[in-house]
**Student:** 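I'd like to ask you about the structure that follows.
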Amino acid sequence: MGRPSRRKAIVDAAVTCFSQRGSEGTSLQDIADIAGLTHTAVRYHFPSRTELNIAVLEEIDLRGLHDNSELYGSDPVTILSSIPAVTAVNLEGVTVVRLYVLMEAEGIMGDERVRQWFHERRRLQHWAFDGLLREGIRSGVFRQGFDPRLKAAEIVWQVDSAHSAAVRPIDGVDPVQVLTDYCEALLADLRTGPGEPLIR
C-alpha cells in the first residue's frame, strides 16, 4: 500500500471510528487496527491529533459535496429549500457534529491552524450563499432591496446554530424544524415585496 493510499486508509478508518464513538473515544490504535496498519504508521502520516482531525473534517466535507452533487446547478430556490434536508442528514452523525463543535472551540481557544481552517470554510460558505442570492436577484427569482452579503451571513449562522443545537439541545425542540421554519420564512421574504437594489 503506497503512501497516498495509506493516508486515505487512515482517514477513512478515522471517519468510521469518529462516527461510531467520537474523536474523544477513539485511540490511534483503534484507527490503525481498522486501517490494517501500525500505530507508528498512523503517527508517521499524522504527527499530531489536530492534523488527523482536520483531515477527517475535510473528508466529511468532500463526502457531503458528493452526496449532494445533484444540487449543483440547481436554481436558488431549490438550493435554499434543501438546506434543512441536507442538515438533517448531517445531524444523523451527531458524534461527527460534536467533532466540528469541539474543534472549532479549540480554534477559538488558540489553535491557530484550526482557527484558520474554520475561518476559510466559513468564508467559502458565505461566498457560495452570497453568489446564490445575487443570482436569484439577477434572474428575477428574488426581489431587490436587500444586501446579499448580509443575508448570506445570516444563512451561514442559522445553519451553524442548527449543528450546534444537536450537541447542545433544548428539550423538545427539533433544530431541523427550526431551520425549516427559518428557510420557509426566508424564501417568502426574498420572493415578495418591492425595494431598491442594495447589492454592494
Side-chain angles (χ1 to χ4, degrees), residues 1-74 79 82-129 156-157 159-169 174-176 179:
M1 188 184 296
R3 287 186 180 180
S5 56
R6 281 189 175 187
R7 190 179 194 281
K8 182 67 166 59
I10 292 167
V11 173
D12 287 345
V15 170
T16 298
C17 288
F18 289 3
S19 297
Q20 293 173 349
R21 65 194 81 159
S23 173
E24 316 96 289
T26 299
S27 69
L28 292 184
Q29 189 60 56
D30 293 331
I31 295 169
D33 290 343
I34 291 179
L37 299 169
T38 64
H39 181 281
T40 302
V42 175
R43 289 300 301 268
Y44 174 80
H45 288 279
F46 296 98
S48 73
R49 188 64 178 237
T50 294
E51 289 177 329
L52 177 60
N53 286 347
I54 288 177
V56 167
L57 295 180
E58 290 175 343
E59 175 63 22
I60 292 169
D61 275 353
L62 285 174
R63 293 183 184 187
L65 289 172
H66 179 269
D67 292 343
N68 297 298
S69 60
E70 72 279 0
L71 292 174
Y72 298 163
S74 297
I79 293 176
S82 72
I83 289 175
V86 172
T87 301
V89 173
N90 292 342
L91 297 187
E92 290 175 1
V94 67
T95 56
V96 173
V97 174
R98 178 176 171 82
L99 175 62
Y100 272 96
V101 174
L102 291 176
M103 286 285 289
E104 187 158 26
E106 288 182 14
I108 293 171
M109 294 301 292
D111 190 320
E112 182 63 18
R113 182 172 179 187
V114 174
R115 190 189 70 79
Q116 285 294 335
W117 188 87
F118 276 98
H119 175 77
E120 179 63 13
R121 184 176 188 271
R122 191 158 285 113
R123 186 189 69 79
L124 291 173
Q125 286 178 313
H126 180 263
W127 173 82
F129 282 122
V156 170
W157 288 331
V159 173
D160 275 356
S161 294
H163 285 85
S164 295
V167 179
R168 302 189 298 272
D174 179 4
V176 175
L179 190 58

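The shown structure was predicted, so the numbers you read here are calculated from the model rather than taken from an experiment. All values below come from the heavy atoms of this structure, side chains included, with hydrogens, waters and symmetry mates left out.
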**Student:** Within the structure provided, determine whether Arg43 and Thr38 are in side-chain contact (heavy-atom separation under 4.5 Å).
**Tutor:**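 In short, these two side chains do not touch, never coming nearer than 4.5 Å.
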
**Student:** Keeping the roles fixed (side chain from Asp33, backbone from Asp30), state whether a donor-acceptor pair exists under 3.5 Å.
**Tutor:**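 Flag not set: sc Asp33 to bb Asp30 has no pair under 3.5 Å.
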
**Student:** Over all heavy atoms of both residues, which pair between His163 and Val97 is shortest? Give the atoms and the distance, please.
**Tutor:**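 Heavy-atom minimum between the residues: O-CG1, 3.2 Å.
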
**Student:** Is any side-chain N of the basic residue among Arg63 and Asp12 closer than 4.0 Å to the acidic one's carboxylate O?
**Tutor:**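 Salt bridge present between Arg63 and Asp12.
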
**Student:** Hey, could you give me the CZ/OG distance between Arg49 and Ser27, rounded to the nearest 0.5 Å?
**Tutor:**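 The CZ atom of Arg49 sits 7.5 Å away from the OG atom of Ser27.
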
**Student:** Test Ile31 against Leu52 for side-chain contact (heavy atoms from CB on, under 4.5 Å), laying out the working first.
**Tutor:** CA-CA 11 Å; Ile31 295 169; Leu52 177 60; 3.6 Å; yes

**Student:** Of all heavy-atom pairs between Val42 and Ile10, which one has the smallest distance, and what is that distance?
**Tutor:**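 So the minimum-distance heavy-atom pair works out to CA-CD1, 3.8 Å.
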
**Student:** Return the CG to CZ distance between Asp61 and Arg121, rounded to the nearest 0.5 Å.
**Tutor:**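 The distance works out to 4.0 Å.
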
**Student:** Around atom NE2 of His39, are there more than 12 heavy atoms of other residues, nucleotides or ligands at under 6.0 Å?
**Tutor:**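 More than 12 heavy atoms, drawn from other residues, nucleotides or ligands, come within 6.0 Å of this atom.
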
**Student:** Any chance you could measure Ser48, atom OG, to Arg113, atom CZ, to the nearest 0.5 Å?
**Tutor:**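 That separation rounds to 6.5 Å.
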
**Student:** Could you walk me through whether Trp117 and Glu58 pass side-chain contact (heavy atoms from CB on, under 4.5 Å), step by step?
**Tutor:** CA-CA 10 Å; Trp117 188 87; Glu58 290 175 343; 3.1 Å; yes

**Student:** Looking only at side chains, do Gln116 and Glu120 share a donor and an acceptor under 3.5 Å apart?
**Tutor:**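 No donor-acceptor contact under 3.5 Å links the two side chains.
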
**Student:** Start with the C-alpha distance between Phe118 and Leu57, add both sets of side-chain angles, then the distance that settles side-chain contact (heavy atoms from CB on, under 4.5 Å), and finish with yes or no.
**Tutor:** CA-CA 10 Å; Phe118 276 98; Leu57 295 180; 4.0 Å; yes

**Student:** So do the side chains of Ile83 and Phe129 get within less than 4.5 Å of each other, counting heavy atoms only?
**Tutor:**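 The answer is yes, as the side chains (C-beta and beyond) meet within the 4.5 Å cut-off.
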
**Student:** Should Glu104 and Arg122 count as an ion pair when the cut-off is N to O under 4.0 Å?
**Tutor:**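 Salt bridge present between Glu104 and Arg122.
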
**Student:** If you take all heavy atoms of Ala162 and Pro175, which pair is closest and at what distance?
**Tutor:**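 The pair with the smallest heavy-atom distance is O-CB, 3.7 Å.
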
**Student:** Any idea which heavy atoms bring Val176 and Asp174 closest together, and the distance?
**Tutor:**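 Looking at all heavy atoms of both residues, the shortest contact is N-OD1, 3.0 Å.
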
**Student:** When rounded to the nearest 0.5 angstrom, what is the spacing between CG in Leu28 and OG1 in Thr40?
**Tutor:**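 Here the interatomic distance stands at 10.5 Å.
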
**Student:** So Phe46 and Arg7, do their side chains get closer than 4.5 Å, heavy atoms only?
**Tutor:**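 Yes. Closest side-chain heavy atoms under 4.5 Å.
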
**Student:** Should we say atom CZ of Arg98 is surrounded by more than 12 heavy atoms from elsewhere, each under 6.0 Å from it?
**Tutor:**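 Not buried by this count: 12 neighbours or fewer within 6.0 Å.
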
**Student:** Report the C-alpha separation of Lys8 and Glu59 in whole Å, then their side-chain angles, then the decisive distance to 0.1 Å, and conclude whether the side-chain contact (heavy atoms from CB on, under 4.5 Å) test is met.
**Tutor:** CA-CA 9 Å; Lys8 182 67 166 59; Glu59 175 63 22; 4.0 Å; yes

